[in-house]
Engineer: 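Below is the structure I would like to discuss, written out as structure tokens.
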2 protein chains.
Amino acid sequence: MTNDLRSLTEIDRLLHEPARTVIVAILAAVESADFVFLQRETGLTKGNLSTHLTKLEDAGYIEIQKTFRGKYPLTLCRLTEQGRKAFTAYRKQLLEFVERTK
Amino acid sequence: MTNDLRSLTEIDRLLHEPARTVIVAILAAVESADFVFLQRETGLTKGNLSTHLTKLEDAGYIEIQKTFRGKYPLTLCRLTEQGRKAFTAYRKQLLEFVERTK
DNA sequence: GAAAACTAGTTTTTTATACAAACCTGTTTG
DNA sequence: CAAACAGGTTTGTATAAAAAACTAGTTTTC
């Protein structure tokens with residue numbers, strides 16, 4: 001019984017942080033999103049969004065493309081295949097937990 | 001769409017920590033459990049179990065009764081009504097997230 | 001045309017906290 | 001009676017989330 005619960009302690013910590021969960025959930029739905037869009041949607045500060053994005057990038061969960069829109073910098077983010085798989089696995093684990101504890 | 005995702009950032013942080021999620025999930029199933037039992041089931045060290053239990057107690061999510069079994073101290077934990085409600089709400093929020101991101 | 005305000009971020013500092021290690025009090029065992 | 005064990009608590013440390021400060025350039029205002 002509880003051994004399945006215990007598997008929660010090995011959950012993907014990168015995705016288990018709500019700020020990053022939201023970022024990844026958005027990216028899972030939109031093909032690509034820019035920094036400003038992500039900031040509006042998540043409600044995060046620029047600074048925190050920036051560091052969360054860097055962590056996701058370091059993990060290989062997202063790709064970041066830096067370019068320009070007109071004269072302003074534009075930071076485009078998209079989920080990698082690895083990120084998508086991790087997100088799917090994460091959701092599966094959550095669902096199993098919820099089902100198990102009914 | 002994303003406004004629902006954003007609600008994740010207000011998730012109950014106390015329950016969102018996997019170690020505590022497991023503790024509470026166990027307590028939700030067993031009426032009451034002692035320290036040694038919880039340690040075996042969760043795999044936590046005594047020290048960490050102790051501090052997590054204290055946090056849950058401070059939040060009013062569990063009650064801790066200190067007594068003796070024979071000559072040895074016995075720490076009994078049980079979920080409070082408040083804890084049970086919080087746990088139910090937490091699971092509901094997880095489920096909604098999983099459903100929304102399908 | 002220069003100061004002020006704004007865009008789009010990054011870096012640094014602060015604060016919180018999870019985990020590990022050490023410690024404590026009493027009991028049993030060799 | 002010393003060492004090991006039971007059942008914990010307290011303290012120390014390292015990570016990391018959040019807040020604040022900073023950067024680099026652009027547009028607006030006076």
Side-chain angles (χ1 to χ4, degrees), chain A residues 5-27 32-59 61-78 90, chain B residues 5-27 32-59 61-78 90:
Chain A
L5 291 176
R6 206 161 146 168
S7 74
L8 260 190
T9 59
E10 285 141 38
I11 206 159
D12 187 334
R13 292 279 181 158
L14 213 72
L15 293 181
H16 200 54
E17 170 58 35
R20 286 188 298 262
T21 314
V22 171
I23 293 170
V24 169
I26 293 170
L27 292 180
S32 104
D34 64 66
F35 191 95
V36 171
F37 175 79
L38 284 176
Q39 205 206 328
R40 261 206 325 272
E41 294 295 312
T42 60
L44 291 167
T45 63
K46 294 160 189 294
N48 295 336
L49 177 56
S50 178
T51 56
H52 284 310
L53 288 178
T54 300
K55 282 183 188 187
L56 289 169
E57 187 186 26
D58 290 348
Y61 285 4
I62 67 171
E63 270 174 12
I64 298 182
Q65 256 185 68
K66 291 191 162 298
T67 166
F68 286 86
R69 169 153 51 201
K71 302 199 164 172
Y72 289 112
L74 178 69
T75 298
L76 278 173
C77 309
R78 74 187 67 234
Y90 176 70
Chain B
L5 291 177
R6 204 162 148 169
S7 73
L8 259 190
T9 59
E10 286 142 36
I11 205 161
D12 187 334
R13 292 279 182 157
L14 213 72
L15 293 181
H16 201 53
E17 170 59 35
R20 285 187 297 262
T21 315
V22 171
I23 292 170
V24 169
I26 293 170
L27 291 181
S32 104
D34 64 68
F35 191 96
V36 172
F37 175 80
L38 284 175
Q39 206 206 326
R40 262 205 324 272
E41 294 296 311
T42 60
L44 292 167
T45 63
K46 295 160 189 290
N48 294 336
L49 177 55
S50 178
T51 55
H52 284 310
L53 288 178
T54 299
K55 283 185 188 184
L56 290 169
E57 187 186 26
D58 289 349
Y61 286 5
I62 68 170
E63 268 174 13
I64 299 183
Q65 257 184 65
K66 292 191 163 298
T67 165
F68 286 87
R69 167 152 53 202
K71 302 199 165 173
Y72 288 112
L74 178 68
T75 298
L76 278 173
C77 309
R78 74 187 67 234
Y90 176 70

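Just so it is clear: chains get the letters A, B, ... in the order the sequence lines come, proteins before strands, and each one is counted from 1.
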Engineer: Just the rounded figure in Å: distance from C1' of dG8(D) to CD of Gln39(B).
Structural biologist: 9 Å
Engineer: Roughly how far apart are Thr42(B) OG1 and Leu8(A) CG, rounded to 0.5 Å?
Structural biologist: 12.0 Å
Engineer: Using a 4.0 Å cut-off to any heavy atom of chain B, which nucleotides of DNA chain C are the first and last in contact, reading 5' to 3'?
Structural biologist: dT17(C) to dT28(C)
Engineer: Measure the distance from CG on Leu44(A) to P on dA16(D) and round it to the nearest whole Å.
Structural biologist: 18 Å
Engineer: Which atom pairs, one a donor and one an acceptor, fall under 3.5 Å between side chains of residues 68-76 of chain B and the rest of the protein, sequence neighbours left out?
Structural biologist:
from	atom 1	to	atom 2	distance (Å)
Thr75(B)	OG1	Lys66(B)	NZ	2.9

Engineer: Using side-chain contact (heavy atoms from CB on, under 4.5 Å), reason through Leu44(B) and Thr9(A) one step at a time and then give a plain yes or no.
Structural biologist: CA-CA 10 Å; Leu44(B) 292 167; Thr9(A) 59; 5.7 Å; no
Engineer: Does the side-chain contact (heavy atoms from CB on, under 4.5 Å) test come out yes or no for Leu38(A) and Leu53(A), once each step is laid out?
Structural biologist: CA-CA 10 Å; Leu38(A) 284 176; Leu53(A) 288 178; 4.1 Å; yes
Engineer: DNA chain D: Lys71(A) or Thr45(A), which has the more 5' nearest nucleotide?
Structural biologist: Thr45(A)
Engineer: Quick one: side chain to side chain contact (heavy atoms under 4.5 Å, CB included) partners of Arg40(A), sequence neighbours excluded?
Structural biologist: Val36(A), Phe37(A)
Engineer: By a strict heavy-atom criterion of less than 4.0 Å, which residues belonging to residues 9-18 of chain A are in contact with DNA chain C?
Structural biologist: Arg13(A)
Engineer: Could you check which residues of residues 47-56 of chain B get a heavy atom under 4.0 Å from DNA chain C? Sort them by number, please.
Structural biologist: Gly47(B), Asn48(B), His52(B), Lys55(B)
Engineer: Starting at the 5' end of DNA chain C and moving along, which residue's nearest nucleotide shows up first, Lys46(B) or Tyr72(A)?
Structural biologist: Tyr72(A)
Engineer: Compare side-chain N and O positions of Arg20(A) against OP1 and OP2 of dA17(D) and report whether any pair is under 4.0 Å apart.
Structural biologist: yes
Engineer: With rounding to the nearest 0.5 angstrom, report the NZ to CD distance, Lys55(B) to Glu17(B).
Structural biologist: 8.5 Å
Engineer: Just verifying a value: how many Å separate Thr21(B) OG1 and Leu5(A) CG, rounded to the nearest 0.5 Å?
Structural biologist: 9.5 Å
Engineer: Whole-Å distance between dG8(D) C1' and Lys66(B) NZ?
Structural biologist: 7 Å
Engineer: As an exercise, state the distance from OG1 of Thr67(B) to CG of Asp34(B), rounded to the nearest 0.5 Å.
Structural biologist: 11.0 Å
Engineer: May I ask you to say what Leu74(A) touches in the nucleic acid, namely base, sugar-phosphate or nothing, with a heavy-atom cut-off under 4.0 Å?
Structural biologist: sugar-phosphate
Engineer: Partners of Phe35(B) by ring-ring contact (aromatic ring centres under 6.0 Å, His included), sequence neighbours excluded?
Structural biologist: none
Engineer: Can you tell me how far CG of Leu15(B) sits from CD1 of Ile23(B), rounded to the nearest 0.5 angstrom?
Structural biologist: 10.5 Å
Engineer: May I have the distance from Arg40(B) (atom CZ) to dG8(D) (atom P), rounded to whole angstrom?
Structural biologist: 12 Å
Engineer: Should the ring pair His16(A) and Tyr90(A) be called parallel, tilted or perpendicular, given that the plane angle runs from 0 to 90° and is split at 30 and 60?
Structural biologist: perpendicular
